[in-house]
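What follows is a set of notes on a single structure, which appears directly below.
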Amino acid sequence: MSKINPDFSTELKKYGAINFNACYNCGNCTAVCSLSDEDNSFPRSMIRFSVLGLESEIQSSVIPWLCYYCGECSETCPKQANPGELMMSLRRWLTTKYDWTGLSGLLYKFIQLSIIAFILTAVGVIVFSVYENFKLENIMHYGHLFEMLAIGAVFSLILIPNIIRMWWFIILKPKVKVPIVYYFKGIWDLIVHMFTQKRTLGCDDNQFRWFEHFILVGGYLALLFTTIVLDWFGTENLFIIVLGYVESGIIFIVTFDFVLSRMKKKKEISKFSQPSDWFFVIWLFLLGFTAFVVRVFIDTNLLENNIWIYLFHLIILVQWALIIVPFGKWTHFLYRSFAMYFEKLQKDIKISP
Amino acid sequence: MEKTIDYIKKKRTVSEEVKEKRKEFARIKKLILKTLETEPKTIPQIAKETQLPSDVVTFNLMTLRKYGEVIAGDIDDMDEYFFYKLK
Amino acid sequence: MRNKIGVYICHCGSNIADYVDVEKLKEIVAKEEGVVLAKTTMFACADSTQKEIVQDIQEKNLDAIVIASCSPKLHLFTFRNIAIRAGLNPYNYIQVNIREQCSWAHSDTPKQATEKAISLVLAGIERAKHSKALTTLKISSVNTVAVVGAGVAGMRAAIELADMGTQVFLIEREYFVGGRSSQWNKLFTTDETGQEIVAKLYKKIITYNNITLFTGAEIVSKSGSVGDFDIKVKINPRYIKPGCKLDWAKFEKAVEVCPVEFDDPFNFGLTKQKAIYKNYPSEFPEIPAIDYDKCNKCGECVKVYEDIDLNQKPETININTGAVLLTTGFDPYEPEKGEFAFDEIDNVITLQKFKRLIELNEKELIYRNRKIRNIAYIYCVGSRQLDGENKYCSRYCCTSAIHTAILVKNKYSDINNFHFNRGIRTYGKQEVLYTESSEIGDIFLQSFEDSPPVVEKQGKDTIVKINDILTCGKELEVVADLVVLVTGMVPRKINTIADVLKVPIGRDKFFNEIHPKLRPVETVIDGVLIAGSCQAPLNITESVKSALSAASKANSLISKGEIELEPTLAKIDETICEWCDKCSEICPYDAIIKTKHGGKIIAVVNETSCKGCGMCLPVCPVNAIQLIGYTDVEIESMIEALI
Amino acid sequence: MPEQKSGYDVLVIGGGIAGEEAALNLANIGYKVILVEKDISIGGKMIHLSKVFPTLDCAACITTPKVSETARHPNISIFTNSEVKDIEKNSEKNFTATLVEKPRYVTEDCTGCQICEEKCPVVVNDQYQWDLVGRKAVYIPFSIANPRIAVIDIENCILCGLCEKVCPANAIDFTQEEKQTEIKIKSIIIATGYDLFDPELMPRYGFGKYKNVVTSMQMERQLVPTRPYNAVLRPKDGKMPDNIAYVLCTGSRDETIGNPICSQVCCMYSVKQAQLLMGALPMADVTIYYIHVRAFGKGFCEFYQQSKGMGVEFIKGKVGTIKENENGNLVVRYEDIEEGKVKEAEHDLVVLSVGILANTDFTTMFKNIKIGQDNFNYVKQTDELTNPAKTTIEGVFVAGTASGPMDIPDSILSAGAASAETASYLRRTNNEK
Amino acid sequence: MTENKGSKILVFSTEKISDPAIDLAGLLKMHYPPTVYTINIPCSSAVKSRWIMHAFNKGFDGVFIAADGTDCAFDESCTDNTAKVISRTHELMKEKGIEPARLKMAAICSVCAEPFVKQMKSFAEYLSKS
């Protein structure tokens with residue numbers, strides 16, 4: 001027995017959902033979705049739960065993460081109820097539900113708070129630089145240190161607890177009994193999905209979108225590795241330097257295309273943009289671009305006299321690491337892979353008696 | 001008696017497409033009628049023998065039936081396809 | 001018996017002549033007794049041939065002609081006109097179809113086609129021999145229509161008829177006009193209120209000299225037939241002096257002093273009513289009324305309102321009318337006790353009552369001292385019943401409920417609407433309302449056919465539960481402050497007019513038309529028409545359409561002063577008939593009447609009602625009935641000629 | 001100066017069931033009516049239907065008597081193959097318009113013998129059988145056409161002159177030209193009917209590409225005794241289908257194709273066709289995919305229940321996509337709403353229950369006045385509740401589906417209303433007694 | 001009298017419904033036995049047993065009622081009433097020793113040309129065998 005909560009619609013609209021109440025439950029969206037199957041039929045099921053406000057049903061579901069937003073459903077929806085954007089909004093909403101700090105919810109819903117957070121972090125970096133008397137070497141040293149610390153902290157304090165919460169919502173709370181071995185069996189899928197997002201390929205005819213996304217993820221992870229472990233800004237190794245250029249180049253070129261398509265609004269996926277979507281692509285673009293420029297300045301020995309460029313990069317980096325990665329859209333990357341993983345667990349149980 | 005066709009011939013020209021359509025129909029008609037000379041056949045059988053797409057056979061065969069050149073006979077054992085024969 | 005028959009055989013170019021040996025045909029028929037002329041012709045329908053035939057008829061003094069050519073469906077009227085032009089009765093013209101039913105059908109066997117053609121033409125000649133000169137029957141009619149029921153449909157029909165020049169008697173059972181529509185607020189699609197529409201129509205009606213309105217009036221008997229009905233109308237007194245003006249203050253006082261109080265039917269019991277009343281201030285006619293059945297004649301009101309006259313008596317008047325148009329409307333379905341907790345839980349009400357409630361609550365929606373926030377609408381109450389008698393869909397309720405829900409949401413703050421439906425049927429442009437209500441957040445839940453939603457009390461709360469189709473059958477529940485039963489339309493409970501006029505009733509108990517497509521507003525009783533929701537559930541636009549349709553049908557029927565009837569009629573031989581009731585029983589038009597004739601009881605055909613179908617012919621045990629044009633001699637001589 | 005025709009009271013534009021009904025009503029009252037039909041015969045779409053719901057009487061049996069009554073009514077002049085343009089309102093009750101009579105190239109001497117048709121060597125798609133079969137360039141539109149006079153499709157004619165040679169009535173006349181006449185009328189009824197949705201606009205249903213995906217109109221023709229095939233067959237390969245699917249709301253209630261409203265008839269005609277199919281193909285399974293079954297009119301709900309009793313399967317869920325198999329069978333993908341699961345099902349014939357769209361021809365007919373359109377492109381009714389036939393122009397009325405989707409009984413009633421409003425308008429403005 | 005010419009069939013058709021169908025059969029150049037003769041009447045339920053018996057007496061081999069069925073423009077009781085006439089006539093035929101199967105009825109709609117032709121062919125075939 002579930003109680004209906006009509007107020008949930010209003011809540012969800014703050015996460016970017018548009019007009020999904022118009023749904024008359026024809027099921028067209030589910031039928032045209034190439035990722036939807038008998039076990040997980042969506043997006044209509046999620047629209048229905050959202051209209052009725054059955055929060056716990058949504059919270060315990062992995063379905064929002066199974067959607068890669070090809071936009072076919074929204075394009076063909078007879079009521080123009082934007083099922084694709086609803087799924088996107090549900091992912092945002094779920095992100096905030098998984099987040100134990102509650103910060104991401106605030107940042108999603110109130111753009112003012114996001115802007116304040118961005119300003120605060122920027123001010124923090126500048127204050128720190130003032131404190132360090134704008135000495136490039138020190139700042140770069142702490143910058144590098146920050147990268148490592150931030151990753152560690154964000155992961156251990158925010159992301160891992162959040163994933164545990166997600167696990168609790170999806171597996172523990174609904175009392176799905178999963179034998180331990182299944183967790184190990186599924187790991188490979190987790191990794192594959194995390195790094196390849198191969199399901200997108202089933203999504204639409206546009207293989208290019210998957211490819212773009214794939215090299216972006218690859219480039220991003222590799223740049224992370226190159227800057228943190230291989231100390232790109234500090235190294236003299238030509239191979240690493242070139243590698244870093246390629247990686248950061250990939251990031252800003254691909255994200256530039258993303259920004260462009262969001263502005264053109266031609267494709268269904270880029271028709272609606274929530275602030276968090278803009279932040280994500282723009283910061284990623286800036287991240288790649290400033291890293292690229294910083295290294296160019298290093299190679300041309302201009303950085304000493306143009307420390308501002310590194311500071312700018314650092315501000316972006318700090319904002320990225322402290323705001324977007326733990327509380328923003330970046331987490332999708334993680335949650336989606338885990339959702340896939342949990343879905344596999346659910347399926348495995350169904351198959352074995 | 002004078003024929004009015006001569007009057008309109010002076011005013012109109014017939015498009016190539018229309019001429020082509022007429023030839024095409026004549027060709028298909030000949031093919032279909034020829035295959036039916038031996039024995040009654042179903043549409044898939046006619047299509048196979050004439051090398052025409054089956055929907056083209058259906059359309060033209062039914063047109064021939066409409067104008068009385070072909071008639072429908074019995075249905076096959078599977079109750080799927082009718083046999084058509086010359087009238 | 002005709003014996004100067006002319007026969008024309010048409011070649012129809014080559015259509016007939018190619019298969020039928022027309023020359024041989026001509027030779028054979030020329031020898032036939034009674035045939036004085038036999039010709040072949042290239043095209044019988046050609047102008048020159050037509051002239052020739054006219055000439056022949058006049059010169060040879062022909063008393064019947066037979067043309068053997070194409071189907072009579074094509075040229076019967078062409079050739080009948082030839083006869084008329086030549087001064088021959090058109091029914092002395094016989095067409096024999098030797099094209100569609102001979103030369104074409106038997107083009108594979110020309111010899112036999114010729115033989116068949118000979119037989120057919122001979123049969124035609126036989127028929128011509130026995131053919132009678134018929135004249136179309138004309139009965140006079142008064143250009144008057146009695147419209148029964150002054151709801152929107154009735155008023156609209158009255159105006160239209162009056163505009164077309166017909167005298168109208170508009171007869172309303174209630175003391176006020178407007179019917180159900182005046183109970184409704186804003187209407188889809190124009191957003192006018194029901195009361196505005198009623199006012200608009202009433203104000204128009206009183207400008208017409210040729211509309212007479214009776215309120216508190218009912219038809220109590222009818223005699224006569226189409227064109228000339230005599231109806232008796234009983235009019236209950238209003239107890240208000242005729243011609244007086246409404247004095248609102250005095251009227252209010254009279255209401256105050258009136259000791260008779262009962263649940264107001266207009267507001268479905270939401271308020272109380274006195275014996276002297278108006279349902280709403282701007283109701284028409286302006287003057288109030290005192291309910292004849294309820295008033296105890298205590299005289300209190302007379303003391304404060306001198307325009308009251310309790311000495312008025314009911315009167316009966318006679319009206320002569322050409323046609324009767326019924327626009328008597330519907331009743332809302334009244335749920336049974338316990339149907340979705342109706343009458344058991346106190347916050348369960350019908351849609352119609354809910355609509356009144358909205359109108360009576362200006363600022364806040366309050367029912368039984370409780371502020372309403374969550375409203376559950378349960379659809380198809382009394383319609384599409386699985387077990388009950390009403391199998392039909394009431395058509396207007398989905399739209400009406402959704403329209404009301406939107407209205408409620410816009411009028412009051414903080415309203416949640418939950419629609420427990422069985423598949424929304426907002427057909428046509430009404431779909432936009434469904435979209436609108438969804439978009440503003442109304443929630444639609446659909447129940448399975450065999451498991452309707454359940455309304456029950458849980459502690460203080462009223463809960464509505466459903467297994468929702470749209471959520472894969474999941475059980476869902478809503479705590480409702482108010483449960484609105486979306487009740488459909490049923491025929492009028494008090495429906496005396498049906499008995500008086502003997503209007504046919506359909507399977508759904510609504511009045512039945514002859515044919516929904518051919519004759520959608522006519523009944524089998526000639527001159528009695530139906531329109532609006534007395535015929536089937538309809539919304540206002542649809543009712544008005546059918547009312548206007550009926551108006552034009554009625555007008556074209558009676559406005560010419562006479563009604564022409566086809567001469568193909570049944571005739572009963574009074575010498576043979578021994579009244580057995582079989583023919584009158586089978587007649588769908590009630591055209592056979594039991595009559596005393598020359599000392600014995602016989603059946604007589606009412607020529608104004610008979611349609612000439614012939615259904616009565618075969619049932620007569622003594623073969624007393626003949627259908628003109630299809631008499632035994634005609635048919636049997638044709639049979640003999642054919643063989 | 002074009003020729004003039006006057007003395008008419010009403011111009012009825014459109015000779016479908018609504019136009020006929022309106023014309024007959026007015027003619028019976030005594031008004032002179034000019035009825036103009038774009039097509040080469042009158043009867044509109046109804047005359048082509050099989051049986052009609054919910055009474056299952058045959059459409060032709062109802063239409064043809066009305067058609068012939070209209071055709072021979074002394075107060076009605078019919079112009080087929082003709083159009084109206086440049087309607088001008090000059091003053092109260094004074095309209096002029098141009099009547100354009102297209103050449104038929106066949107005179108009224110035609111006896112309908114079809115010898116020309118037999119001989120004509122050209123075959124093109126037969127529009128009256130919705131392209132399922134061919135017709136000749138000279139042809140009688142359909143067997144029960146009125147007038148039953150041949151017509152030459154000059155665009156597809158190869159000018160061989162054979163028809164003229166063989167015509168026994170000498171009715172072929174290639175010298176005919178388009179004729180324009182100015183007509184004077186006092187009032188106008190627009191009864192231009194509706195258009196059907198073109199499912200090629202929904203590529204995911206594969207209409208046009210997959211030959212076994214047909215429209216409901218094509219199925220309607222297959223169910224009529226004057227049908228294009230000898231039985232109900234698949235257009236792709238002539239197989240007798242035994243598993244037929246109906247896709248409801250094709251082109252209705254769908255904002256993506258610009259028609260957000262319900263077409264009001266598709267549910268019922270599909271239910272009806274399903275019943276007829278069960279009669280024509282007793283072994284066949286029929287499945288109807290629906291969103292809501294709109295069985296709202298008199299006797300409709302009972303009819304719907306009856307079809308369930310006969311074994312027609314109803315599945316709640318709009319079909320998302322249709323794909324073709326090698327054997328010509330079609331796989332429909334849909335969400336079974338009751339179960340909440342996406343499913344695929346194979347059918348050997350799919351019928352798209354196409355919706356009704358406004359026929360917007362009326363918008364271009366007027367010259368010095370503009371006629372209002374509603375949000376869905378139909379003729380705007382300015383006083384829908386009490387004067388349903390009234391339009392934005394005084395003296396111009398609307399009948400039938402020109403004002404919105406409706407079924408046959410509703411169209412007939414609407415035409416009745418239009419005729420009543422026209423009659424009273426004429427009388428009012430005439431100041432007749 | 002009827003030797004080698006096929007069985008003679010009298011058809012009672014109705015003006016509005018079944019007669020147009022019989023016309024249509026000719027229009028479509030569909031062939032049925034030329035020994036089929038049609039007399040039309042307003043409604044199929046108007047056929048008198050007497051006429052049918054007269055036809056048999058005069059030498060017709062079969063009588064066919066092309067009934068209005070549910071399309072009847074007069075009344076929906078048409079189908080029932082026609083059926084009753086048939087069954088009464090069947091009784092009379094039995095009395096006279098005429099095989100009841102020689103009187104047949106089927107609903108023929110106004111465009112039912114093909115069903116009509118089929119009916120005629122099979123009826124004629126049946127009659128020629130019996």
Side-chain angles (χ1 to χ4, degrees), chain C residues 12-15 43 46 70 73-74 77 152 156 160 163-165 187 189-190 192 197 200-201 384 391-393 395 423-432 435 469-473 507-508 510 516-518 520-521 535-536 540-542 544-546 548-553 555-556 559-560, chain D residues 25 28-30 52 55 57 62 66 68 72 109 111 113 115 148 168-169 253 260-264 292-302 305 316 337-340 374 376 383-386 388-389 404-406 408-410 412-417 419-421 423-424 427-428 432-433:
Chain C
C12 193
S14 57
N15 287 304
F43 286 108
C70 54
K73 271 101 215 148
L74 238 51
F77 289 88
V152 168
R156 198 55 197 82
E160 212 62 24
D163 262 339
M164 292 192 279
L187 302 166
T189 59
T190 60
E192 290 165 283
I197 286 180
K200 187 171 90 182
L201 294 177
R384 298 172 64 188
K391 299 292 176 207
Y392 57 88
C393 163
R395 184 168 182 153
I424 293 293
R425 291 179 169 173
T426 43
Y427 56 92
K429 296 179 195 169
Q430 298 167 41
E431 181 77 8
V432 297
T435 306
I469 286 184
L470 311 177
T471 325
C472 346
R507 261 192 307 183
D508 50 10
F510 286 91
K517 295 173 186 82
L518 282 172
V521 291
Q535 185 179 8
I540 293 181
T541 312
E542 291 155 354
V544 167
K545 278 184 189 170
S546 76
L548 296 180
S549 226
S552 80
K553 273 272 142 51
N555 179 268
S556 65
S559 63
K560 292 181 203 79
Chain D
N25 282 342
N28 282 337
I29 296 174
V52 278
T55 38
D57 31 35
I62 294 167
K66 267 213 169 117
S68 45
R72 64 161 192 266
D109 295 335
T111 62
C113 69
I115 292 176
R148 227 187 96 81
R253 305 177 72 192
I261 60 174
C262 158
S263 292
Q264 210 159 314
H292 298 105
V293 176
R294 290 190 162 163
F296 55 84
K298 190 167 185 169
F300 291 9
C301 211
E302 295 87 331
Q305 293 300 340
K316 188 169 166 68
I337 301 290
E338 291 190 12
E339 286 182 41
D374 72 4
F376 317 105
D383 182 8
E384 199 185 330
L385 293 175
T386 50
M406 56 185 92
I408 295 164
D410 280 354
I412 290 170
L413 289 177
S414 148
S419 55
E421 286 182 52
S424 64
R427 213 183 151 88
R428 228 173 23 240
E432 289 172 39
K433 258 202 301 186

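Naming convention: chains lettered A, B, ... in sequence-line order (proteins, then strands); numbering from 1 in each chain.
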_Side chain / backbone / both / neither for D:Glu338 at chain C, heavy atoms under 4.5 Å_ = both
*Most heavy-atom pairs under 4.5 angstrom with chain C, which of D:Pro405, D:Cys113, D:Gly30?*
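Of D:Pro405, D:Cys113, D:Gly30, D:Cys113 has the most heavy-atom pairs under 4.5 Å with chain C.
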*Apply side-chain contact (heavy atoms from CB on, under 4.5 Å) to D:Pro388 and list each qualifying residue two or more places apart in sequence or on a separate chain.*
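Testing D:Pro388 for side-chain contact (heavy atoms from CB on, under 4.5 Å), a comparison that skips the adjacent residues, returns C:Thr541, C:Val544, C:Lys545, C:Leu548, D:Gln381, D:Ala417, D:Glu421.
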Looking only at non-hydrogen atoms, find the nearest pair between [X] and [Y] and report the distance.
{"X": "C:Pro516", "Y": "D:Pro409", "value": "O-CB, 3.7 Å"}
{"X": "C:Ser549", "Y": "D:Gly416", "value": "OG-CA, 3.0 Å"}
{"X": "D:Cys301", "Y": "C:Arg384", "value": "SG-CG, 3.5 Å"}
{"X": "D:Cys262", "Y": "C:Thr426", "value": "CB-O, 4.1 Å"}
{"X": "D:Thr55", "Y": "C:Lys517", "value": "OG1-NZ, 3.5 Å"}
{"X": "C:Cys472", "Y": "D:Gly340", "value": "SG-CA, 3.9 Å"}

Distance from [X] atom [atom1] to [Y] atom [atom2], nearest 0.5 Å?
{"X": "D:Lys298", "Y": "C:Arg395", "atom1": "NZ", "atom2": "CZ", "value": "11.0 Å"}
{"X": "D:Asp410", "Y": "C:Ser546", "atom1": "CG", "atom2": "OG", "value": "9.5 Å"}
{"X": "D:Ile29", "Y": "C:Met164", "atom1": "CD1", "atom2": "CE", "value": "5.0 Å"}
{"X": "D:Met406", "Y": "C:Tyr427", "atom1": "CE", "atom2": "OH", "value": "10.5 Å"}
{"X": "D:Asp374", "Y": "C:Lys429", "atom1": "CG", "atom2": "NZ", "value": "4.0 Å"}
{"X": "D:Asn25", "Y": "C:Asn555", "atom1": "CG", "atom2": "CG", "value": "10.0 Å"}

*State plainly whether the residues C:Arg156 and D:Asp383 are in salt-bridge range, i.e. N to O under 4.0 Å.*
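No, no charged N to carboxylate O under 4.0 Å.
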*Ion pair present between D:Arg253 and C:Glu431, side-chain N to carboxylate O less than 4.0 angstrom?*
yes
_Just to verify, what does D:Ser68 make a side-chain hydrogen bond (donor to acceptor under 3.5 Å, both in side chains) with, not counting sequence neighbours?_
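If we apply the side-chain hydrogen bond (donor to acceptor under 3.5 Å, both in side chains) test to D:Ser68, skipping adjacent residues, there are no hits.
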Let me know if [X] has heavy atoms under 4.5 Å from chain D in its side chain, its backbone, both or neither.
{"X": "C:Ile197", "result": "side chain"}
{"X": "C:Ser14", "result": "both"}
{"X": "C:Lys560", "result": "side chain"}
{"X": "C:Tyr392", "result": "both"}
{"X": "C:Thr471", "result": "neither"}
{"X": "C:Gln535", "result": "both"}

*Evaluate the criterion side-chain contact (heavy atoms from CB on, under 4.5 Å) for residue pair D:Phe376 and C:Val432; output intermediate values, then yes/no.*
CA-CA 11 Å; D:Phe376 317 105; C:Val432 297; 3.4 Å; yes
*May I have the step-by-step check of side-chain hydrogen bond (donor to acceptor under 3.5 Å, both in side chains) for C:Thr190 and D:Glu384, ending in yes or no?*
CA-CA 7 Å; C:Thr190 60; D:Glu384 199 185 330; over 6 Å; no
*Establish, for the pair C:Arg425 and D:Phe296, whether the NZ or CZ atom is under 6.0 angstrom from the six-membered ring centre and no further than 45 degrees off its axis.*
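The answer is no; the distance or angle limit is not met.
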*Is there a side-chain contact (heavy atoms from CB on, under 4.5 Å) between C:Lys553 and D:Asn28 once you walk through the steps?*
CA-CA 9 Å; C:Lys553 273 272 142 51; D:Asn28 282 337; 5.9 Å; no
